[in-house]
Amino acid sequence: MSFDNAYEALTEDNDTRWAFGTGFVDPLAGIDTSVPSGVDAAELARSCLWLGDDALIMSHRLQEWCAAAPELEDEVALANIGLDLLGQARLLLARAAKADPSLVPAVEQSDEDALAFFRDAADFHNVRLVELGGGDFAFLMARLLVFSTWRLAVFQRLVDSPDQVVTAIAAKGIKELAYHRDYAARWVVRLGDGTDLSHERMQAGLNAVWPYVDELFDSDTSDGAALRAEFDAVMSQVITAGTLSRPPAREAAETRSLEPLLAEMQSVARAHPDATW
Amino acid sequence: MVSARAVAETVTDPELPMLTLADLGVLRDVTETENGVVVTITPTYTGCPAMDAMRADLSVALHNAGYDAVDVRTVLSPAWTTDWITPAGRAKLAKAGIAPPGRAQRTDGPIPLTLTAPPKRVACPQCGSPDTELLSEFSATACKALRRCRACAEPFEHVKEI
């Protein structure tokens with residue numbers, strides 16, 4: 001089983017090896033998913049579901065840029081980041097389902113697919129930041145910067161989770177998110193500190209994202225406040241380097257973007273639940 | 001009969017077929033028990049779509065070698081690091097025109113933001129020149145970055161340190 005290139009491997013008889021469509025096996029196959037004693041299973045499931053929903057919806061928004069990015073390198077970068085987040089979503093949704101099977105819609109699908117494709121908008125728990133539709137590349141970079149900075153700080157705390165599965169997901173995710181954050185931060189600086197036009201659009205992107213920042217933090221707790229301080233420090237660094245200004249506080253509007261997003265994301269799975277490709 | 005470990009060690013990576021899963025450090029353990037063979041693997045990246053292919057390849061290879069009961073398990077912790085790529089794996093990467101990774105950084109506490117890509121001395125796998133530049137930290141697969149050699153002007157991929 002040795003090949004000179006990846007394409008040669010494709011021509012092999014046993015083609016289940018390139019199962020990149022349907023038919024994924026449980027991403028937690030072979031992993032001990034018993035809930036440790038002293039951990040509230042329902043609460044563990046809920047937090048995994050929330051984190052999984054954020055990753056799933058953000059990944060979808062990144063995938064929308066496939067074939068629309070300004071340069072080939074960024075096309076590849078956005079697809080890679082979307083894929084990393086989809087991987088996090090798969091594990092987190094599967095973890096949520098194992099901890100609390102009552103969360104999973106009763107359909108003949110794997111747990112992760114049932115949760116991703118057969119829940120309605122009201123049952124999703126993602127932050128509004130990831131739902132927001134439309135926007136230009138500057139808006140996307142502002143959103144990715146905020147999202148990955150926040151999520152990286154959250155994951156750095158999750159490595160101390162009593163649940164070994166969550167610990168492992170977080171440890172892996174940290175390495176990925178650090179790349180995502182650096183990528184977004186460099187673009188924000190490059191556009192902010194670029195031409196008058198790029199500066200203007202970068203500032204507008206940041207302003208549009210900013211009302212959705214407060215929702216990410218539970219500032220009533222000391223850890224929430226510490227998380228916010230860590231986030232603010234990174235934002236200040238990027239905003240200063242990009243000659244941008246911290247956006248003014250503004251009320252977050254309802255997004256009404258999740259339903260249309262789900263209508264697209266879930267359409268194939270719902271119309272053809274038995275489809276394989 | 002060839003040992004289960006020896007069989008598992010011949011299975012190649014679906015995306016880097018010049019390397020075995022053992023070269024890559026993805027193959028963590030192979031144990032023969034009374035109930036069959038237990039193989040443990042650790043994904044390189046969380047979203048790695050090749051995991052199912054790896055699992056299938058390991059099962060097929062072991063079945064073909066006469067092992068009927070094969071259980072391929074995924075272990076997420078400790079997380080995979082490029083430091084696990086063996087010296088043989090690094091040599092194969094370079095030979096295939098892919099620059100092998102350097103040492104992965106270990107940080108405790110908040111990970112500092114890097115607004116400019118830290119300069120890395122990555123030698124060109126084609127001509128050997130150390131004068132190379134980063135084009136993109138993302139490439140055709142999640143585990144690689146794209147670089148270009150200033151000496152021979154050839155672009156090449158570099159396995160990112162994680």
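As the structure is a prediction and not an experimental result, all values here were calculated from the model. Note on naming: letters A, B, ... go to the chains in the order of the sequence lines (proteins, then strands), and numbering restarts at 1 for each one. Just so it is clear, the values below take in all heavy atoms, side chains as well, and ignore hydrogens, waters and symmetry mates.
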- The reported gap from CD1 in A:I81 to CG in A:D74 (rounded to nearest 0.5 angstrom) is 9.0 Å
- Query: Relative to chain B, which of A:Q156, A:E73, A:R190 shows the most heavy atom pairs under 4.5 Å?
  - Reply: A:Q156
- Message: I'd like to verify something: which residue of A:K175, A:E71, A:R181, A:R186 has the highest number of heavy-atom pairs under 4.5 Å with chain B?
- Response: A:R186
- Message: Heavy-atom cut-off 4.5 Å, strictly under: side chain, backbone, both or neither for A:L152 against chain B?
- Response: side chain
- Message: Only pairs of heavy atoms separated by less than 4.5 Å count here; which of B:A96, B:P78, B:S139 has the most with chain A?
- Response: B:S139
- Query: Which bit of B:T116 comes within less than 4.5 Å of chain A, counting heavy atoms only: side chain, backbone, both or neither?
  - Reply: backbone
- Under-4.0 Å salt bridge between B:D29 and B:R5: yes
- Task: Check whether A:A185 gets within reach of chain B through its side chain, its backbone, both or neither, counting any heavy atom under 4.5 Å.
- Result: both
- Task: Examine whether an atom of A:A77 lies under 4.5 Å from a heavy atom of chain B, and if so say whether it belongs to the side chain, the backbone or both; otherwise answer neither.
- Result: both
- Task: Kindly assign one of parallel, tilted or perpendicular to the pair B:F138 and A:H180, based on the angle between their ring planes and the thresholds 30° and 60°.
- Result: tilted
- Report, as yes or no, whether the 6.0 Å neighbourhood of atom CZ on B:R150 holds more than 12 heavy atoms from other residues, nucleotides or ligands. yes
- Taking 4.0 angstrom as the limit, do A:E230 and A:R157 come out as a salt bridge? yes
- Query: Taking the side chain from A:T240 and the backbone from A:Q237, do they hold a donor-acceptor pair closer than 3.5 Å?
  - Reply: no
- Contact class of A:Y179 relative to chain B, heavy atoms under 4.5 angstrom: both
